[in-house]
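Here's the structure, in structure tokens; my notes come after.
Ligands are counted one by one from 1 in listed order, and the atoms in each one are counted from 1 as well. Heavy atoms only: backbone and side chains are in, while hydrogens, waters and symmetry mates are out. Quick caveat, the model's predicted, so the values are computed rather than measured.
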Amino acid sequence: MKIILSLLMLVGLASAQSQPAADLVISNAKVWTVDASHPEAEAVAILGDRIVAVGSNQDVSAWRGPKTQVIDAGGKLLLPGFNDAHVHFVDGGVSLDAVQLNDAATPQEFARRIAEQAKKLGKGEWILSGEWDETKWNPPNLPTKELVDPLTPDTPVLVTRYDGHESLANSMVLKLAGITAKTPDPPGGVIVRDAQGNPTGIVKDAAQDLVFKVVPPLTHDQRVKVIKRAMAHAASLGVTSVQHMNPDYADIAVYSELHQRGELITRIYAAPLIPQVDDQVKIGIRHAFGDSYLRLGALKSYADGSLGSGTAYFYQPYLNTPNNRGLLSDTMQPLSLMRDRMMRADAAGLQLCTHAIGDEGISIILDLYSEIVKAHGEADRRFRIEHAQHMATKDFDRFAQLHVIASMQPYHAIDDGRWAETRIGHDRASRTYAFRTFLDHGVRLAFGTDWNVAPLNPMLGLYAAVTRATLDGKNPNGWFPEQKITLKEAIEAYTMGSAYAEFQDKEKGSITPGKLADMVILSDDLFSIDPVKIRDVTVVKTILGGKLIYEAGAGK
Ligand SMILES: [Zn+2]
């Protein structure tokens, strides 16, 4: 009986050319496939969660059967779904509903918004996240606890700079954390103090751990809610895959639970922090272990801090703080600690993704990667450096020789580009977010955003990579315009490049028969509009594994 039924179904669905009918056909599209062997097409056929045909409307019409769903793209641009190679997905989800401080134009406005949020919350509920940016203030001085203390007597306030490398704690939080004038700076961190030696409320890099550890963790229900919120946001922006840096294990547990219930609408590659290396070594999983929705097998490390916080680690001092050339992270002190962990990870087949921003920070990581190759022999490791922001001239070749992937966030370039030169000068700035030089050296790029450090919207990243027009409008023709790349290169970095960086280039990253049907239809043709308008382009439809997961205007 079963056999007869399925035969009948096949007969019913089969097209004239005796192939199974597609579940979905997208026709009348301008398809940019990111597949060099077949870059352009008009239509795509999908069977189950995979692409089965890409070609002209006529070629693909052979896949239509009576039950095939057809989307007429109306001539709009169809691209592979975006793969954000570096996000903090749960922090991002939290930030969507948190106090918004990033565009507060003055310290007074910053304080006003915190006071307003405090009124909305119950007594003792925390104000977190915020993404403040003091470079937008005049003068650009760091905020202090005095600014918010009078407004928040019963509210713990711990708001973080947009780059995640400094936070402001109010007196209530400093007290909870036990931070006083007598507390020493931890390795890799700074407790900022006033002239009398009292903490101002600002804690940098590793010193943030002193306050973060007193924040109550998200409950399971909150975490589920936040992750669903983050996934819906990603779908609305055409982001179908993310690589989650520094997840808590509780985040991975929620992904796993949602996956089992069929509720994941974003594909996840999770890279927990390297101090936890032995957990993954013990289980015996290797890089990119898992299925198309949820994978593990990578480790995230920190070499140094950030440029904005003055903690990115350079060979030469910062211009604005002549005694400071940055900080190596606490996990790099001593260096043998990081070396041992990386060696153990590599021996176990795990992938290394290392945050390195300053030129010497990057250089030290390249040294460590090179030691690993010497110790364990050549292999397809796909070493990554996250951010790869300020390069020493000598290191572009080494990057290529070691096959290190530059996992970069173009939006940072148009953001930091507003003030980077005042901190590191013209020469170092010329090798900052050096997209063009990397590609010219044969280095692979993987693009992303670092959300919640920057907005998750891929259009802003493409806009940044092709225009390098800083957010302050002062460099309309591009900040170090020689480092611009083409739109095709930027899209490739954001799709195939990111897929390669997570060992998934055979599974996704281009619109190619056999690959997962993850795609996005955009409101405008990126290739024919003025590049300045790229940032205004929106998503019409997002398709994940052949299923429509977002449609503009639906459900509003
Ligand atoms: Zn990050």
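For the pair Arg423 and Tyr318, the cation-pi test (distance below 6.0 Å, angle within 45°) is failed.
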One pair to check against side chain to side chain contact (heavy atoms under 4.5 Å, CB included): Val157 and Leu128. What are the steps and the verdict? CA-CA 6 Å; Val157 177; Leu128 297 165; over 6 Å; no

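Here His86 contributes NE2 and Asp450 contributes OD1, and at the Zn ion (ligand 1) these two atoms make an angle of 90°, given to 10°.
Not one N/O/S atom of Glu386, from backbone or side chain, sits under 2.8 Å from the Zn ion (ligand 1). For a distance bound of 2.8 Å, the N, O or S atoms of His88 include one lying that close to the Zn ion (ligand 1).
Ring geometry, His387 versus His86: the interplanar angle falls from 30° to 60°, so the pair is classed tilted.
At a cut-off of 3.5 Å, with distance as the only test, no side-chain donor of Asp359 or Tyr313 sits close to an acceptor on the other residue.
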